[in-house]
Amino acid sequence: MTVSESIKYAGVDDHKIDFFEGQFEVPLGMAYNSYVILDDKIAVMDSVDQNFGEQWLKNIESITSKAPDYLIVQHMEMDHSANIKLFMEKYPQAKIVASKMAFNIMKCYFGTDFADRQVVAAEGTKLELGKHVLNFITAPNVHWPEVLMTYESTEKVLFSADAFGKFGANDVEDPEGWACEARRYYFGIVGKFGANVQAVLKKAAGLQIEKICSLHGPVLDKDIANYINYYNIWSAYDAETEGVFIAYTSVYGNTKKAAEKLAEILKAKGCPKVAIADLAREDTYECVEDAFRYSKLVLASTTYNGEVFPAMREFIQHLTERNFQKRTVAFIENGAWAPRAAKVMADMFAQSKDIKLCQTGVSIKIAVNDAVNAQLENLAAELLAG
């Protein structure tokens, strides 16, 4: 992967990983990015996952025969920090540059904060390498509190830590392009911290950025405004796509029939986009991604143990803990003798901001019939009118 003549890629691709952070499916693998800036002083930007330490050091050696002067640590999450100590042992003259909190975390991780070799970076701190100048930007809670981003002002490159990253190894072509897996990555991992991302975007607005080098995924070197616009939409919790996402759980297939019937009605009435997912069978974080992507959400669940089906309860918790907001939400419930799913689902959004609940409810008593179809028609009309 190419950055420029003086900024080289030193990262690795992981094809053995099945779940990133123990929960996100990554069928295309994962990239752990690191970069080397060649100048009078040589700076290495971040480490890689613990399984690739030796490969990473060999990558650095293949780029420069001169020992690096600095290791820049932007993020202390273990997929980027695991080999800090290995690096510092190999290059005993090198200094380590990080935020004050990052050094605190290092001490927890390695038993040392490299006190005699550390350079503490804060907002506005600069590090001159020669022609290249590193300008440090604090980015707390994007998505850990110690995060720094680095703007290299000579080549106008933003080293963005985890921001603008995506799932997938860099040596595997993603048939869906950057946005799909970047969106799933953002809402799965960073989604709770929209206000913090907005704060960093305001800082970035004053920079001329020609390339973005994230810690995951490809170097972004074209249409930079487009990528920043995605992040602005996502972090402001605005809807990216006008349409309806229907998420359902179904025990014997009847709630599924109602969800599919609603999708059919919406399409027939000209809804610009309709997506539908079985929460018990489809990737949870694909579903989280779609809930944040579309302007309207319909949740369909059986009443289960007097509440909602477990997969539905977990899904709503994923949304609310990520500050789900600015959406229209509707409910479909199924329950023959004591239907409560709709009320329970509505109550779960009680603390969420700017949620408009549809007035039209759909209540199924086991099977879909003409009365249920009429309710679905009314719900579709309300969804399309609002």
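Sequential numbering from 1 along the given sequence is applied to the chain's residues.
With sequence neighbours excluded, no residue forms a side chain to side chain donor-acceptor pair (under 3.5 Å) with Asn254.
Looking only at distances, a side-chain donor or acceptor of Gln375 sits under 3.5 Å from a matching main-chain atom of Ser363. For Ser301 (side chain) and Thr249 (main-chain N/O), no donor-acceptor pair under 3.5 Å exists by modelled atom type. The backbone N or O of Asp278 lies less than 3.5 Å from a partner atom in the side chain of Glu282, making a donor-acceptor pair. Using a distance-only test at 3.5 Å, with no hydrogens or angles considered, no donor-acceptor pair links the side chain of Asn135 to the main chain of Lys126. A donor-acceptor pair is defined here as one N or O able to donate and one able to accept, closer than 3.5 Å; such a pair exists between the side chain of Ser99 and the backbone of Ala102. Put simply, the side chain of Thr303 gets close to the backbone of Arg340: a donor and an acceptor are under 3.5 Å apart. Not one N or O on the side chain of Glu333 forms a donor-acceptor pair closer than 3.5 Å with the backbone of Val344. Of the possible polar contacts, one joining the Asp69 side chain to the Ile42 backbone as a donor-acceptor pair under 3.5 Å is found.
Cluster annotation: Val172 and Val48 are assigned to distinct hydrophobic clusters (Ile/Leu/Val/Met/Phe/Trp/Tyr, side-chain heavy-atom contacts under 4.5 Å, transitive). Linking ILVMFWY side-chain heavy atoms closer than 4.5 Å, directly or via other members, places Phe349 and Leu379 in two distinct hydrophobic clusters. Under the 4.5 Å side-chain heavy-atom criterion for Ile, Leu, Val, Met, Phe, Trp and Tyr, Phe309 and Tyr248 are members of distinct hydrophobic clusters.
A distance below 6.0 Å separates the ring centres of Tyr185 and His216. Aromatic rings of Trp56 and Tyr32 (six-membered ring for Trp) have centroids beyond the 6.0 Å cut-off, not under it. Taking the centre of each ring, Trp178 and Tyr230 come in below the 6.0 Å mark. Checked against a 6.0 Å centroid threshold, the rings of Tyr231 and Tyr227 do not count as neighbours.
Between the CE atom in Met30 and the CZ atom in Phe20 there is a gap of 4.0 Å [rounded to 0.5 Å]. Atom CD1 of Ile212 is separated from atom CG of Leu220 by 5.5 Å, given to the nearest 0.5 angstrom. Distance check: Asn59 CG to Glu54 CD gives 11.5 Å after rounding to the nearest 0.5 Å. The CG atom of Leu38 lies 5.5 Å from the OG1 atom of Thr64; values are rounded to the nearest 0.5 Å. Here CD of Glu264 is found 13.5 Å from SG of Cys271. Values are rounded to the nearest 0.5 Å. Here the CD atom belonging to Glu289 is positioned 4.5 Å from the SG atom belonging to Cys180, to the nearest 0.5 angstrom.
For residues 104-114, no residue pair satisfies the side-chain hydrogen bond (donor to acceptor under 3.5 Å, both in side chains) rule, not counting sequence neighbours. Within the structure, every pair that satisfies the salt bridge (charged side-chain N to carboxylate O under 4.0 Å, His left out) test and touches residues 74-101, not counting sequence neighbours, is listed here: Glu61-Lys90. Within the structure, salt bridge (charged side-chain N to carboxylate O under 4.0 Å, His left out) pairs that include any residue of residues 155-174 comprise Lys166-Asp174 (at least two apart or interchain). Residue pairs meeting the ring-ring contact (aromatic ring centres under 6.0 Å, His included) criterion with at least one partner in residues 256-291, sequence neighbours excluded, are Phe24-Tyr285, Tyr285-His318.
Taking the side chain as every heavy atom from C-beta outward, Ser235 and Tyr186 approach each other to under 4.5 Å. Side-chain contact check for Leu299 versus Ile246: every heavy-atom pair is 4.5 Å or farther apart. Counting only heavy atoms from C-beta outward, the side chains of Leu207 and Ile137 approach each other to under 4.5 Å. Inter-residue side-chain proximity for His80 and Gln74 is flagged as unmet; no heavy-atom pair is nearer than 4.5 Å. In this structure, the side chains of Val288 and Arg322 come closer than 4.5 Å at one or more pairs of heavy atoms. Residues Asp221 and Glu210 are not in side-chain contact: their nearest non-hydrogen atoms beyond the backbone lie 4.5 Å or more apart. Here the side chains of Val197 and Val200 are not in contact, with every heavy-atom distance at 4.5 Å or above.
Using cut-offs of 30° and 60° for the angle between ring planes, the His75 and His143 rings count as perpendicular.
Remark: Arg184 engages Asp283 in a salt bridge, criterion side-chain N to carboxylate O under 4.0 Å.
Of the residues listed (Arg293, Lys326, Arg327), the one engaging Asp238 in a salt bridge (charged side-chain N to carboxylate O under 4.0 Å, His left out) is Lys326, and it is the only one. Phe292 pairs with exactly one of Phe245, Trp234, Phe187 by the ring-ring contact (aromatic ring centres under 6.0 Å, His included) rule, that one being Phe187.
Tyr9 belongs to a hydrophobic cluster with Met1, Val3, Ile7, Tyr35, Ile37, Met45, Tyr70, Ile72, Val97, Val119, Leu127, Leu129, Leu134, Phe136, Leu148, Val157, Phe159, Val219, counting contacts under 4.5 Å between side-chain heavy atoms of Ile, Leu, Val, Met, Phe, Trp and Tyr, direct or through other members.
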